[in-house]
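Comments concern the structure below.
First listed ligand is number 1; within each ligand, the first listed atom is number 1. As a basis for the values below, the full set of heavy atoms in this structure was taken, side chains included, without hydrogen atoms, waters or symmetry mates.
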Amino acid sequence: MQRRTTLAAGLTVPFNRTRPVGRETQYLVAATNDGPLSGDGPFTRRATRMLVDLVGAPAALLTTSCTHALDMTAILLDVGPGDEVIVPSFTFCSVATAYALRGATPVFVDCRPDTLNVDERLIERAVTDRTRAIVVMHYAGVSCEMREIAAIAARHGLVVVEDNAHGLGGTFGGRPLGSFGALATQSFHETKNVQCGEGGALVFNDERYLERAEIIREKGTNRSQFFRGMVDKYRWMDIGSSYLLSDLLAAFLTAQLERFDESQRDRMYVWRTYHDELADWAVQQGVTQPTVADDRTHPAHLYHLLMPDLRSRQAIIAHLAERGVQATFHYQPLHSSPAGRRFGRTAPGGCPVTENVADRLVRLPMFAAMTPNELDHVVASVQSFKLHG
Ligand SMILES: *Cc1c(COP(=O)(O)O)cnc(C)c1O
């Protein structure tokens with residue numbers, strides 16, 4: 001079937017647009033009328049059950065954000081001054097700041113040129129006798145090389161933490177992303193596949209962390225045990241903060257998780273259309289499309305192109321903006337950022353691939369509610385960008 005590739009005049013396509021996908025409004029009304037509005041109510045229980053089923057993990061706790069879930073991993077791992085945690089340079093800063101907050105040193109490792117995930121071949125030479133953990137992030141929801149990373153962690157007695165903000169619904173070797181790390185984190189920010197505005201989760205594949213995590217999440221108290229009738233009063237037990245998601249937001253999240261398959265189908269359609277319709281154009285222009293190996297599936301979290309260089313990346317963003325299409329760059333390297341230099345250390349060899357791809361990457365609009373006209377318009381606008389002549 002030949003897709004219509006004429007430019008629709010006057011159409012603007014945002015980078016992201018949210019929409020209710022199911023019973024969001026109904027559940028918000030129910031939560032408002034019935035309460036509780038605070039955390040750990042009935043909607044939290046429903047959303048948590050769906051999340052653990054999706055990730056295939058034994059337990060999860062909803063949190064106020066993925067950033068806070070990462071902060072919790074740093075407290076749970078008891079890292080502090082002198083300790084090192086291996087993190088990708090090509091990722092969001094929450095990973096690095098979580099460990100820097102505890103006084104530990106993030107050690108930045110370069111990414112692979114194909115998946116843009118942390119390059120597992122570079123991890124081992126970043127390990128020292130002070131290394132405590134390896135944090136991985138599945139860029140665009142395409143899995144990292146988890147077999148090699150698990151083997152390195154086992155050889156050196158390190159904990160693997162999986163920042164699965166992009167990967168909900170993806171798999172590696174048939175196994176859900178989010179089920180590999182002893183601890184994994186999720187984001188339900190409005191830019192993610194499943195949303196509640198601001199929200200996240202800490203996922204436990206090693207349940208030994210669960211009891212202490214409940215205390216850390218409840219301001220350092222054993223209030224969760226008190227509500228279950230396990231202790232007769234609750235007390236200050238540990239450090240912690242207020243990391244619980246309001247049940248109002250959990251109500252919204254429950255509605256989103258109930259419709260996960262439908263939203264994913266819509267996102268995947270957008271992803272596939274970009275991938276197929278831009279294939280010839282990409283070859284002609286020397287543009288690289290995403291790489292997804294056969295042993296993994298991704299949840300269509302984002303669609304990115306690697307342009308030949310910074311100039312062509314800036315040029316295509318401007319070209320698309322003129323046509324009402326909002327395309328954007330992505331992560332700037334953490335290792336060379338002001339805070340990265342101050343709080344972190346760069347692994348031997350530096351991060352030349354990260355520096356290179358950060359300059360060349362452009363992301364196209366990607367959201368489940370994209371209309372066929374909008375999708376056509378983005379495809380045609382990209383195809384009309386020509387580097388040579
Ligand atoms: C979005 C994102 C985060 C932060 O999520 P919040 O829920 O906004 O705190 C962390 N890591 C990655 C890779 C992300 O994409």
Show the distances, to 0.1 Å, for all pairs joining an N/O atom of ligand 1 and a protein N/O atom that are shorter than 3.5 Å, listing one pair per line.
from	atom 1	to	atom 2	distance (Å)
ligand 1	5 (O)	S187	OG	3.2
ligand 1	7 (O)	C66	N	2.9
ligand 1	7 (O)	S187	OG	2.7
ligand 1	9 (O)	C66	N	3.4
ligand 1	9 (O)	T67	N	2.9
ligand 1	9 (O)	T67	OG1	2.5
ligand 1	11 (N)	D163	OD2	2.7
ligand 1	15 (O)	H166	NE2	2.9
ligand 1	15 (O)	K192	NZ	3.3
ligand 1	15 (O)	Y331	OH	3.3

Original post:
Any sub-3.5 Å donor-acceptor pair from R46's side-chain atoms to T254's backbone N or O?
Top reply: no

**OP:** Please check if L183 and F172 belong to a single hydrophobic cluster, counting links between Ile, Leu, Val, Met, Phe, Trp and Tyr side chain heavy atoms closer than 4.5 Å.
**Re:** no

Subject >> Any residue meeting side chain to side chain contact (heavy atoms under 4.5 Å, CB included) with R363, in chain and number order, not counting sequence neighbours >> reply: F15, Y139, L302, H304, T328, H330, L361

Subject >> Electrostatic pair R121:E148 at N-O distance under 4.0 angstrom >> reply: no

Original post:
Are E145 and R296 within salt-bridge range, i.e. N to O under 4.0 Å?
Top reply: yes

Subject >> Interatomic spacing from CD in Q332 to CZ in F90 - rounded to 0.5 Å >> reply: 8.5 Å

